[in-house]
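Working notes for the structure below.
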Amino acid sequence: MALHESYEPRRVEQAVQAEWEQTQAFRVVEEAGREKFYCLSMFPYPSGRLHMGHVRNYTIGDVIARYQRMLGRNVLQPMGWDAFGLPAENAAMNNGVPPAQWTYSNIDYMRNQLKSLGFAIDWSREVATCTPEYYRWNQWLFLRLLEKGIVYQKTGTVNWDPVDQTVLANEQVIDGRGWRTGAVVEKREIPMYYMAITKYAEELLADLDQLDGWPEQVRTMQRNWIGKSFGVRVGFPHAIAGGGTLWVFTTRADTLMGATYVAVAAEHPLALHAAQNNPALAAFIEECKHGGVSEAELATQEKKGMATGLTVSHPLTGEQLPLWVANYVLMGYGEGAVMAVPAHDERDFEFAHKYKLPIKQVIENTKWIAAVRDGWNLDEYRYYEFNGDKWKEWYGEKDAGIAINSGKYDGLPFDDAVEAIAADLSAKKLGEKKVTWRLRDWGISRQRYWGTPIPMIKCPTCGDVPVPDDQLPVVLPEECVPDGSGNPLNKYEKFLQCTCPKCGGAARRETDTMDTFVDSSWYFFRYACPGATAMVDSRADYWMPADQYIGGIEHAILHLLYSRFWTKAMRDVGLTTVSEPFRNLLTQGMVVAPTFYREGKDGRKQWFNPADVAVTVDDKSRPLSAVLKTDGQPVEMGGIEKMSKSKNNGVDPQTLIEQYGADTARVFMMFAAPPEQSLEWNDSGVEGAHRFLKRLWAFAADNAAVLKTVALPADASDTALAARREIHETLQQALVDFGKYQFNTVISACMKMLNAIGKLEGKGADAVRSEGFSILLRLLSPIAPHLTHELWRGLGYGDDILHAQWPQLDAAALKRDSIELVVQVNGKLRGKVNVPAAADKAAIEQAALADENVQRFMEGQTVVKIIVVPGKLVNIVVKA
RNA sequence: GCCCGGGUGGCGAAAUUGGUAGACGCAAGGGACUUAAAAUCCCUCGGUGGCAACACCGUACCGGUUCGAUUCCGGUCCCGGGCACCA
C-alpha cells in the first residue's frame, strides 16, 4: 500500500474508524477462562456537547483500554448517559422543549462526537438512565430495599423558595436567596424516602482497607466522611414541660465537668416549648429558618443564639445550666442538642465569649504542667489567653492533657476520664458509651419531574402503598415541560390517577422522583449484561468488578460512596457476589484555562472567551495585560480556572477535532500533564502535538523504502548500536510509565525515539531505524490509534496494529562497556568520571579521587568517608 | 468553618521514589532555505558573576533529620476539590 506524502488526519481517521465499525473491532463477548479487563469511565451527563473534561476522561480510559488489549486481555469499554437531572429542566424552562426531547437529541449529538474521537467502545452495550428499560430496575430494587427496611420514610430539611413555591437545590441558593426570585430561602421539613446507608457504615469503612488500587487521598476522604467516632450519650434531667431528660452526644465526655451551658436546635421540642411564652425567642427561632441547608453555608454563618430562660441539671453535679437555642446546632444531626464546654471547644468558646457565658477550664495541657514545674507563672498566662479573645488549639486536643477542676476525676488522662465519667453516668442512668457516625442516611426523594418515579401510591384509606412488581415500570411521561413552579407531575392527572393495589380504590401516585445518584450507582452492572430480563444476569459475574474506573476527583466521595453502598445492597438481595464495584480508581484532574472579564456598574462580571482575547507579554513572555480583540479595550485577567460555561473559558473539542484531528487532540491531552493533575489548556501546545505527528508521518513517508529492513548486520557501526541502546533505554522507561498510566512521559519517550532515529547514519542504521520505528508505532498506538494504524499497515509491518505484539525490551541492546559516574565532594557535584561497567568499589574510588576538579575541593582537607552508589555516584566526605 | 490535595525556569512538565534539578515539549531570541511569507531545519535558553574553565544561588516560605532533601519530619503562606438537592 502506497503511503500518502502528507499527513491528512481527516482522511486517515475517517477511513480507520470506518474499518473499526465494519469489523466491529471493539465488540466483546464473555469468554470463560480468558482474562478480562473491564475499563470503565464515568458516564457523561448529556448537557449538549462534549466538553474538554469529557475528552480528557475518555481519552485516558481509551488509552488504558487499548493498552490492556495489546497486553492480550479481553477488554470491555462501554459508554452510556447519566440522562436524568436538573439541567434538562432548566433548559426546558428556557426554551419550552420537554426535558426528554432535549436529552435525547443531546445524546445523539454527543454520541457522534465520541465516535469521531475514535474510542474503542462497544456501543452495543449503551445505556441511558432515562429509559424505562433502565430505571425500572431502580424502582424494582427500591421495592426490595423497602421490604428489607433499608428504604424508609422520615422528614428531611429542604430549601424552600417562598415566591416560586418550590424546593431548590443547594446550587440554586445563592447567598441564602433563590437564584430566580431573589427571595430569602427558608428551611422546610417535608417527608422523604431514605436509604439506610448507615447500616452499611461499618462495612463501607472496613472495606476501604482492601481498596489498594484506589488513591490514598480518596480513601482518606471517605474514611473521614463516614466518620466513626466513639463518645458518650449524656442526659441532662430537667423540669421543663412536665420534666424529662435532654440527651446530647459528645466525643469529649472528659470535659463534662466544664460544661457551662446546653444548646438546642431551633426546631428542638424544648425550644418550641420555651418560645410559647417568649415572643423574642419565637422570633429568633423564625429567623433561624432563613437561609439554605448546605453544610458550607451553615458552618460559615455567624454563630447566633438566645437564652430560653430555662435550665437543665448537670448530670453529675446537679448544677443548673442555662438552656440556649443556637443556630449552629442542627436538628437533623445527632440529638439536635449539644453540651457546651467553652474552655475546650473553639466554637463554644466563641459563642460563650459573645454572650458572656462562663468559661471553665477542666483540662490542663501536660506540656504546661511541665512549664509550671519549671517555674512558669501559668495562671497569669492562662488569664491572658481567656480574656484576650484567644483560644489555643491545644485546648481541643484530647491527648494533650489531664483533667483539673473536676473533683474526683482530677489527674486523669483522656481515656481514663471518659471511662470514669461514663461509668458514673451509667450508674445514674444518665448516659452510656456510644459509637456514632458522621455519615447520614441517604435522602433520595426529589420534588422534581425529570427523574425516576418513586414507585409508591398514596391511598386515602391504606396510606403509602408500594407499586406491585407486575406493574413496573412506573413510566415517567415524557411530554411535560417544567416552568419553575414545582414538579409538573403534580398537575398531570394522567400520571397521578391510579387505583390502590391494596383496596382497589381511587388513589394518587407519588410524584417525587429519585436522586440521580441512584441512576449512577449501578449503571456499570447493566453495561455488563445489556438487555437482561432481570436487573442483572450472569454475564455481569464475568465482568464485575470493573478493573479500572476513571473519572473526576470531584466524585471522590458522594458518587463513589453511593455506588459502593448500592453494590453491597445488590449483593444482599442476591444479585451479585461482588462487594466492591471498582478495583482500581484513577481520579483525573480538571481541564483549566485562563479567564477574562469586565466588571459592570452593577458589579456583575461579563466573561470573555480566551479565543477572543489578545494577551500582551513582557520580554520573558509573562502576561502583562489583555484586550478584547473586537474592540481593542482592556479586559481583566481573572486567573486560571476550571473550564466552564459560567466563566466562558471553555475550548470546544469539536473545533479542535475539525482543525487538527482526533489523534492530535488525544496526544496533546495526554502529553500536557499526567492524568491525575489538572491540565492547563494551551493552543500552541496543541500545535506542538500536531507538529510531532506531522514529523512522524513525514519520517515514514521519507523512509518507506528502508523501513522494512529487519536484520541488524553483525558489523553494525558504533553509532547505530548507540542509537539502538538509546531506543531500548527509552523503551524500558516507557514500558514502566505505561504500567503506571503516566502517558505524558510515554509520549516524551516516543519523541525521543523519533529524534534518535531521525539523525541516524552508518552501517546498520536502516535496521535500527526500522526496529525503532516499529517500537514507536506500537507504543504510540493506544494514544494515537488512527495514524499508527495507517502507518503500521502502510509500511508493511503487519496487518492490523490492534493485533500486533506489544514491544519487547531487548536486554542485549542495553549492554554498556563503561558508565559515567557523578563525583560529589560533601554532597556537591564536582566532577564526572568514566569507569568500566565492571569496575569494583576500590577502582571507582580511585578514579573519583583522581579527578582534577575534585582534588581542588579536597585540598587541605582529610577524607572522612567515601560513599559509592553503584551505577550512580560517588560522594567524598571531607573535613578540615 | 470542616475534610482532602497541590505549589519546581517565561509556560506545561520530568527526576528510576533519598543520589547529576529542569528530560520531553511550548514560548522567546539568533541563523539557514525563500523575491517574500508560511512550512521546515540548525543553534541558544533557571538566576548572578566570568572571555572561558568554572563558581555561587535556586524546587512557595521558615526550621529540622541526613554524607546527600524537589523527595522524609515540624510549622507558615497561597491556590484548588468536596461538604450530602450540580453532576
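- Rounded to an integer number of Å, the gap from Asn875(A) CG to C67(B) C1' is 5 Å.
- Gln742(A) comes within 4.0 angstrom of sugar-phosphate atoms only, judged by non-hydrogen atoms across all strands, and of no base.
- Side-chain contact, Trp522(A) with Asn138(A): a donor N or O sits under 3.5 Å from an acceptor N or O.
- Atom-to-atom, CG of Asn755(A) to C1' of C24(B) comes out at 9 Å; the value is rounded to the nearest Å.
- Glu845(A) places its CD atom 13 Å from the C1' atom of C67(B), with the value rounded to the nearest Å.
- Within a 6.0 Å radius of CD in Glu216(A), more than 12 heavy atoms belonging to other residues, nucleotides or ligands are found.
- Rounded to whole Å, the separation between the C1' atoms of U35(B) and A21(B) comes to 47 Å.
- Base pairing of C77(B): its partner is G7(B), meeting the Watson-Crick or G-U wobble criterion (both donor-acceptor distances under 3.5 Å).
- Rounded to whole angstrom, the span from the CH2 atom of Trp681(A) across to the P atom of A13(B) amounts to 14 Å.
- Nucleic acid contact for Glu295(A): base, since at least one base atom lies under 4.0 Å from a heavy atom of the residue.
- C45(B) and C62(B) have their P atoms separated by 29 Å, given to the nearest Å.
- Residue contacts for Met42(A): at a heavy-atom cut-off of 4.0 Å it reaches no nucleic acid atom on any strand shown.
- Of the possible polar contacts, one joining the Asn327(A) side chain to the Glu302(A) backbone as a donor-acceptor pair under 3.5 Å is found.
- Between Ser294(A) and Asn853(A), the residue anchored nearer the 5' end of RNA chain B, judged by the nucleotide with its closest heavy atom, is Asn853(A).
- Listed pair Arg438(A) / C3(B) fails the phosphate criterion, with no side-chain N or O lying under 4.0 Å from OP1 or OP2.
- For the P atom pair drawn from U44(B) and G22(B), the interatomic distance equals 15 Å after rounding to whole Å.
- Distance noted for atom P between C57(B) and G68(B): 14 Å (whole Å).
- Between the side chains of Thr166(A) and Asp161(A), no donor-acceptor pair is found at a separation under 3.5 Å.
- Geometrically, Lys303(A) does not engage Phe351(A) in a cation-pi contact defined by less than 6.0 Å to the ring centre and at most 45° from the axis.
- Distance CD (Glu676(A)) to P (G7(B)): 13 Å, rounded to an integer number of Å.
- Of the nucleotides present, none pairs with A13(B) by Watson-Crick or G-U wobble criteria with both distances under 3.5 Å.
- Where Ala672(A) and Met751(A) each meet RNA chain B at their nearest nucleotide, the meeting point lying more 5' is that of Ala672(A).
- Looking at heavy-atom distances under 4.0 Å, Trp442(A) makes no contact with the nucleic acid at all.
- When heavy atoms are screened at a 4.0 angstrom cut-off, Glu687(A) is found touching no nucleic acid atom at all.
- One can place CG of Asn682(A) at 12 Å from C1' of G10(B), the figure rounded to the nearest angstrom.
- The base-pairing partner of A27(B), taking Watson-Crick or G-U wobble contacts with both distances under 3.5 Å, does not exist among the strands shown.
- A14(B) and G31(B): their P atoms are spaced 34 Å apart (whole Å).
- Comparing the P positions of C2(B) and G46(B) gives an interatomic distance of 43 Å, to the nearest angstrom.
- The closest side-chain donor-acceptor pair between Gln301(A) and Tyr328(A), if any, does not fall under 3.5 angstrom.
- C73(B) sits 28 Å from G1(B) when the C1' atoms are compared, rounded to a whole Å.
- When heavy atoms are screened at a 4.0 angstrom cut-off, Thr300(A) is found touching base atoms of the nucleic acid.
- Which of A13(B), G19(B), C26(B) sits closest to the side chain of Ser684(A) comes down to C26(B).
- In this structure, the CG atom of Leu558(A) is 13 Å from the C1' atom of C3(B), given to the nearest Å.
- Pair assignment for G58(B): none, as no Watson-Crick or G-U wobble contacts are both less than 3.5 Å.
- Across all strands shown, A52(B) has no partner, as no Watson-Crick or G-U wobble contact with both distances under 3.5 Å is found.
- Atom C1' of nucleotide A69(B) and atom CD of Gln824(A) are separated by 12 Å, given to the nearest angstrom.
- At a cut-off of 3.5 angstrom, counting only N and O atoms as typed in the model, there is no donor on one side facing an acceptor on the other between the side-chain of Asn224(A) and the base of C3(B).
- Under a 3.5 Å cut-off, the side chain of Thr129(A) and the backbone N or O of Ala83(A) do form a donor-acceptor pair.
- For the pair Arg666(A) (side chain) and Ala784(A) (backbone), a donor-acceptor distance under 3.5 Å is absent.
- With P as the reference atom, U59(B) and U71(B) are 9 Å apart, rounded to whole Å.
- Within 3.5 Å, a donor on the side chain of Lys872(A) pairs with an acceptor on the base of U16(B), or the reverse.
- When both distances must be under 3.5 Å, the Watson-Crick or G-U wobble mate of A21(B) does not exist.
- Within 4.0 Å of Glu554(A), counting heavy atoms only, lies at least one base atom of the nucleic acid.
- Taking the syn range as angles within 90° of 0, the glycosidic angle of G9(B) is syn.
- Across all strands shown, Leu86(A) has heavy atoms under 4.0 Å from sugar-phosphate atoms exclusively, and none from any base.
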